[in-house]
Amino acid sequence: MKASILAHGLMQNLVVTEGKKGKYHVIAGARRLEALKALQAEGHLPKDHAVPCQVVDVEQAYEMSLAENVVRLAMHPADRFEAFNSLIEQGLTAEQVATRFGTTPRQVENSMRLARIAPALIQEYRDEKLTFDALVAFAVIDDHAKQLSVYESLNDGQKKRPGEIRSILTEQLVEAEDKIVKFVGIDTYIEAGGTKRTDLFGEEVYLENPELLNALVSEKLKLAEKELQAEGWGWVQVDQEHDWQVTAGCSRIEPEPVDAPQELLDEKAAVETELDALEERWDEADPDDDALLEEIQGKQADAQERLDSVIERLQAYAKFDPDQVKHAGCYAYISHSGVFTVERGLVKREAKKALAKASTAPLDDDQPAEQPKGIPESLKRDLAAYRLGVAQAAIASRPAIAFDLLVFKVAKNALSMRGPSDGPNVSLSREFAMYSGKDARDFLTAQTEPVAEGLPRGWLEAGTEADQFLAFQQLSDYQKESLLAYCVALTLQPKLDEGKEPTAYDVALAQTSVNVAEFWRPTKDNFLGRVTKDQLLEIGRELISGERGETWAGKNANEKKGDIASELHKAFSDPDHYGGSPVQIGRVKNWLPKGMAFMAATEPKPAKAKKGKKAA
């Protein structure tokens, strides 16, 4: 009100009744009077500023006050944002409009965005066929043709769901939270000419130039690859996605401290001696003296924390042996959080002999350990069910891959034998993994529930099957594909990756780029308590790695299986706190039993060109 009076003057007079001693009582316009007094107190209006007033009798006062608030028509919100946009087109800035009307530049900019929605949709909003929230959802893009196309494809129920509208419109955009956006940086993307769009009244930010973003990713990865090659490694591989098969089977060389301060080395030796002494105290202690055992454990935890700190500081002085570097390599990729991650010192199987001749330094065998034989069949079934849950969630949210997988199977069946005479002979049976444990079955169900909640179901409520089919045909292509993807996902069968020749199913899972470890983690109940003590020691040895891994395994060799399982459970449940060094934390976060992970995505092989006249 203050901003408007200052910019436009008082457009509506006050209504007053005569009082005593030449004073008047305001009976309509109290808010305007308050704004005028505030402007006067702030020095924007003079003390003798004249205000137009309509004087009425006391008998009329009540009716006049009521009439002012009842007999009026509020401006339609669409008129408001169209009017703001018109002022901007006349040359005012968003800041100037905000100042004149007592609002914020952000609200003015939002109004401008709303005014640029397809006029037909704004009219639908005026006619109350579209809610304000649904109209806002269409502002996520500027393409009027696409806005109208999507609107026409929606049924009445879908037009009331802003989230569904927004997801269809932003299929081709990239969210700012995507890992490749974090890797490149939004500022770099903007400086290169990219544009972004913020969802009105929401927190989501979308990047509108995916081709430019991918080009920036490739450029940055190539630069990083050159820098790694300059370090002298025998081989360097840089990928956008993490391919676990690259490091599978590789041993590792570890850097050694070079020119490290003697006091730091002495501190490391002292803490290690302290840990050895505490280990001896533990072995000699009375197993029933809980107070003493708790005291020793506390001191061990404190000493281990100090040792980790020393080792972390020593890493600044750690360097690889130049002779070893020539026979080893490094693998780099963009992590799920958008961080460029480099694994140095990887030694492939074929290079181990050459490395042994070049140096007598020991190798740190960091390859994933073979799953020990003898794992219970019931656990295998549960692991397959857990993996199936992740597979279903991955396929259900990727309609294109689900479509290819389904049509591939249907076409293969149809082309190898004569089809039915009436209608497609296709049926999809849901997989329940009935022979798995309850926890595994519950996990399986939970993975697809979020997808199921977002599926269109109104067409199922139509009367006859024919009516349902006609209603189904009104769905958008995106909605039909989502339904298909969900149905295909439910038919997937449980299996573990046994290292055999990949099937179409294996390739489809790989193309989802899903990391199973982000969905399922080992716990004492679902895995750790169901394998042998030797297998638990092997897991710990693999996670800690190297000499320290062997030390840990030796230290825990005489512990009870339940205690070892509890320690690993604690590490898997909170890796950042209990996982150890940054490298070890990464291993803990991504460790999976053999066969659980999806294989790495592979590029399709180009078809061979035919030769000669036949091809012509």
Side-chain angles (χ1 to χ4, degrees), residues 85 88-89 93-95 104-118 136-147 149-150 165-231 233 236-243 246 330-344 397-398 400 478 511-515 600-601 603-604:
N85 190 58
I88 297 295
E89 290 177 347
T93 64
E95 288 76 12
T104 65
R106 172 70 185 273
Q107 289 176 319
V108 175
E109 290 167 357
N110 285 349
S111 294
M112 292 164 58
R113 290 263 301 278
L114 289 169
R116 293 173 190 154
I117 294 174
V136 167
F138 280 98
V140 76
I141 64 169
D142 288 331
D143 188 340
H144 284 188
K146 186 170 183 179
Q147 289 174 350
S149 174
V150 170
I165 295 171
R166 193 175 287 106
S167 66
I168 296 173
L169 290 168
T170 57
E171 274 186 279
Q172 304 302 320
L173 303 181
V174 182
E175 289 192 35
E177 291 302 309
D178 193 288
K179 73 174 190 178
I180 63 172
V181 179
K182 294 178 180 178
F183 172 64
V184 170
I186 288 186
D187 292 341
T188 301
Y189 166 79
I190 297 297
E191 289 173 4
T195 57
K196 65 179 181 178
R197 174 174 292 273
T198 304
D199 187 18
L200 290 185
F201 312 113
E203 301 297 326
E204 296 83 2
V205 177
Y206 300 97
L207 277 61
E208 300 177 298
N209 310 103
E211 296 84 2
L212 172 62
L213 178 64
N214 288 325
L216 292 172
V217 171
S218 297
E219 182 181 343
K220 190 170 181 179
L221 288 177
K222 287 179 181 177
L223 180 61
E225 185 175 10
K226 289 182 180 179
E227 292 176 350
L228 291 172
Q229 288 171 341
E231 295 179 8
W233 295 103
V236 172
Q237 182 171 334
V238 178
D239 292 333
Q240 183 169 316
E241 301 293 337
H242 189 183
D243 184 351
V246 174
C330 61
Y331 177 55
Y333 55 91
I334 305 173
S335 72
H336 294 286
S337 58
V339 176
F340 186 67
T341 304
V342 182
E343 296 185 32
R344 292 178 171 86
S397 59
R398 289 163 177 80
Y478 175 80
Q511 290 175 348
T512 66
S513 299
V514 166
N515 181 8
E603 294 295 328

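Throughout, numbering of the chain's residues begins at 1 and tracks the sequence.
For D239, the side chain to side chain donor-acceptor pair (under 3.5 Å) partners at least two apart in sequence or on another chain are Q237, Y331. By the salt bridge (charged side-chain N to carboxylate O under 4.0 Å, His left out) test, R398 is found to be paired with no residue, residues two or more places apart in sequence or in another chain being considered.
Distance alone, capped at 3.5 Å, is enough to place a donor-acceptor pair between the Y189 side chain and the N209 backbone.
Residues L212 and L207 form no side-chain contact, since every pair of their non-hydrogen atoms from C-beta on lies 4.5 Å or further apart. Counting heavy atoms from C-beta outward, W233 and R344 have side chains that approach closer than 4.5 Å.
Environment of NZ in K196: sparse, with no more than 12 heavy atoms of neighbouring residues, nucleotides or ligands closer than 6.0 Å.
Closest approach of D178 to I180, counting heavy atoms only: OD1-N, 3.0 Å. Of all non-hydrogen atoms in Q240 and V217, the two that sit nearest each other are OE1-CG1, 3.5 Å.
Distance check: H144 NE2 to S149 OG gives 14.0 Å after rounding to the nearest 0.5 Å. To the nearest 0.5 Å, atoms OG (S513) and NE2 (H242) are separated by 12.5 Å.
Within the structure, no pair that satisfies the side chain to side chain donor-acceptor pair (under 3.5 Å) test touches residues 219-228, not counting sequence neighbours.
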